[in-house]
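Labels below follow one simple rule: chain letters A, B, ... track the order of the sequence lines, proteins then strands, and each chain is numbered from 1. The basis for the numbers below is simple: all heavy atoms, side chains too, and nothing from hydrogens, waters or symmetry mates.
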Amino acid sequence: MQIAKVIVDIPAMQTNRPFDYAIPPAMEQKLGKGMRVEVPFNNRIIQGFITEISDHTDFEGELKEIIQPLDIEPALTEELLLLGEEMAETVYAYRIHCYQTMLPTMMKAKYEKEIEVVDELDEETFYGLFQGKSKMSWENAVDRGILPQLIELKRAGKIEVNYILKNQAKAKTVQVYYSDLETDSLEDEYRSLKKSAKQQQALLAAIMSMNGTPLTAKEYKEQFDIGPSAIRTGVEKGWLKSADREVLRDPFKDRQFKQTEALPLSDEQTAAFQTMGASIRDERHEVFLLQGVTGSGKTEVYLQLIAEVIKQGKTALMLVPEIALTPQMVNHFKSRFGNRVAVMHSALSSGEKYDEWRKIHRGDADVVVGARSSIFAPVENLGIIIMDEEHESTYKQDENPKYHARNIAIWRGQHHHCPVVLGSATPSLESRARAQKKVYTLVELKGRFNQRALPQVEIVDMRDEFKANNRSSFSVLLQEKITDRLQKKQQIVLMLNKRGYSSFIMCRDCGFVLECPNCDISLTLHMDSKTMKCHYCGHEEEIPNTCPKCKGHNFRYYGTGTQKIEEELQALFPDARILRMDVDTTRKKGGHEAILSAFGRGEADILLGTQMIAKGLDFPNITLVGVINADTSLGLPDFRSSERTFQLLTQVSGRAGRAELSGEVVVQSYNPDHYAILFAQQHNYEGFYRTEMSLRHKAGYPPYFYTALITVSNPDEKKAQKKIYEIHEILQKKLEPDTIMLGPSKGSIARVNNRYYFQILVKYKQETKLHPALKQILDESQKENARGLYISIDSEPVNFF
DNA sequence: AGCACGCCGACT
DNA sequence: GTCGGCGTGCTC
């Protein structure tokens, strides 16, 4: 008998292992590793993944049978099955979670409960409770509040609760019409028609010419000018049969892409291309750190490396940060490689995502372009993995499974014996340090395209502006330069650094700040909805008119929202056309792109936005970039705050002067002497790297130490606190003496959604005992989990919330 | 996760 | 005496 080992869809420590199922004889040849299946589990029916087919089981009891497969072909390749297993270990996640994140959300199971009548009911109950039907949905029962009566009936054995698994992954279909009649009989039909039945004659002629090939109604119309009513007649008369044909939802079907050819490479680009190309040709795994200043032509190198891979009959994976995945970016790839490019983008509908996934799965894509989760694209025969802007924190998923796409990329690169290219103008310290230690191979692009100089960056000390009685958000210098560019009809980009910043309101009389009732954080003012919102739990309330504490009416609005800056800017420059880009104006689908392309067409003089403007913006007429507040990101309680500030300033500076016109940057700051700002001004990555490395060394942070963040949360503050101290004690006993623990401390937001957070940050160099100790802590916490005590472990966290 | 089993308090 | 509270343990 054949046995399938199945990972079931129950995320719990006790079920985080394969369960054995008997394969019914009829399915023996049909089931395979990586398939989703429907299985009975503890009185229910749930989804699972087959991880292995075997002829042996250690299970002593009687095996249950697999009910049915949910796919025709395995959803997960052997590679992904293995990856998921290993990943679960390193990110402290359940295997089922890992497998689910590898697939489009549509393939995740949905469960429904229904109540079925199995025994005679008296008329009153049947017509009253069940409304004369033998089945009722669980929701219906809950809504009508009749569960108590149902429990009674259940006990009497008159009803059953059925568990239904819904496979949401449905391909979109269109109706097609074909004929299975012989030509002879069609000819007979033709002869028996009245002379006046022109439409039917035309239809029969068409059918005969198609030779049984199915066509949609639309195709009949286009090719033969036969309308739907004739087709209906054809079906009625039995000439045509209808069937469903699967179609792919193509998010780009209405777009034309002009074919582009490889551009000539500079000497430096050629050298970079050859270094990395050698590894492609030798089918050798190697990690490259491609460090190139903005405008050095990294993208063209990527495109040509991918072309090389395709030439070898292999496939390529191209990762970009979500925010950079603009249609502009997609264009580059679609134009070079045509429709064999699949794009995985969060703006796609779930159906479109599923179809792009299927396109890859079928082997119809040679190039996959996408954000973080595309690293799990089911491509076979990988020839290269490229990760652009590798320093971006969005490559780390901040919910379970907390994986970093960079690590997954390297794993897959090893598996496929292919190179991994990490590209950035401002590499993460971790990657740059690895390059220094020759773990990665450093490839540099130092020159800018067309030898264009990097923009001149001026720093304005905002403290001086304040002393000189300038209370505006714009320094005199920035105002002058804006005036100048407006006159010259050149474009301006202004960035508001919102990181670590929020707009809140405070009572001027008593100092009261409106806070979230569920979280220990002030509510943020949202002008678009005219409400106060909590960014952590979603709580929303009216903007108060009077202070709840002192009944005063004098509120002060803190925080510089883009909207407020826009008003200020417009007052200063009444004739300037300003475009604002922030979460409020880009919320709608395609809003981001619409604003960018309007700016690209020159429909505005000034683009004002948050960090999202630092990326994917490449317009020749921009000659001035202003950073309104460079330092708000410096004050965050995060050891990476300097690194992030440096990266952001460098990136936004790169927006200035990309073509014939040279650019200028004005950075306004209250900390003008901060090294992150000064090094960004000088475009000096190396200087920043060395300074930051020595600080990290002194403080004992990555890349000198590894980190793991353990977070405990509970609705009861005392319980969470007790647990974190217990964990602290266990770890103290077990870990190496040179391992450092910070904490236990309260979470940087102590309460979120009515849960209290406590955490410990473990910093270690060599630590073989940490992993088993943490696993054990997780295992043992399982019981408490049910009572609302959650433990989360984040290996190499990037956000410290 | 969700369900059955099992052991103690408040009732007909 | 029983009903039902939820703590405990299992699911192929």
Quick one: [X] [atom1] to [N] [atom2], roughly how many Å, whole number?
| X | N | atom1 | atom2 | answer |
| --- | --- | --- | --- | --- |
| A:Q47 | C:dT11 | CD | P | 22 Å |
| A:R44 | B:dA1 | CZ | P | 10 Å |
| A:I10 | C:dC12 | CD1 | C1' | 11 Å |
| A:M1 | C:dC12 | CE | P | 14 Å |

Return yes if a side-chain donor-acceptor contact under 3.5 Å exists between A:T315 and A:E380, otherwise no.
no
Original post:
For A:T394 and A:E322, does a side-chain donor sit closer than 3.5 Å to a side-chain acceptor?
Top reply: no
Is [X] touching bases, backbone alone, or none of the nucleic acid, heavy atoms closer than 4.0 Å?
| X | value |
| --- | --- |
| A:P40 | sugar-phosphate |
| A:Y21 | sugar-phosphate |
| A:L63 | sugar-phosphate |

Practice task
Give a yes or no on this: more than 12 heavy atoms of other residues, nucleotides or ligands lie within 6.0 Å of atom NZ of A:K396.
Solution key: yes
Taking B:dA1, C:dT11, C:dC12 as options, the one with an atom nearest any side-chain atom of A:N42 is C:dT11
When A:N43 and A:Y94 are each assigned the nearest nucleotide of DNA chain B, the 5'-most assignment goes to A:Y94
Heavy-atom nearest pair, A:M532 first then A:E542, reads CG-O, 3.8 Å
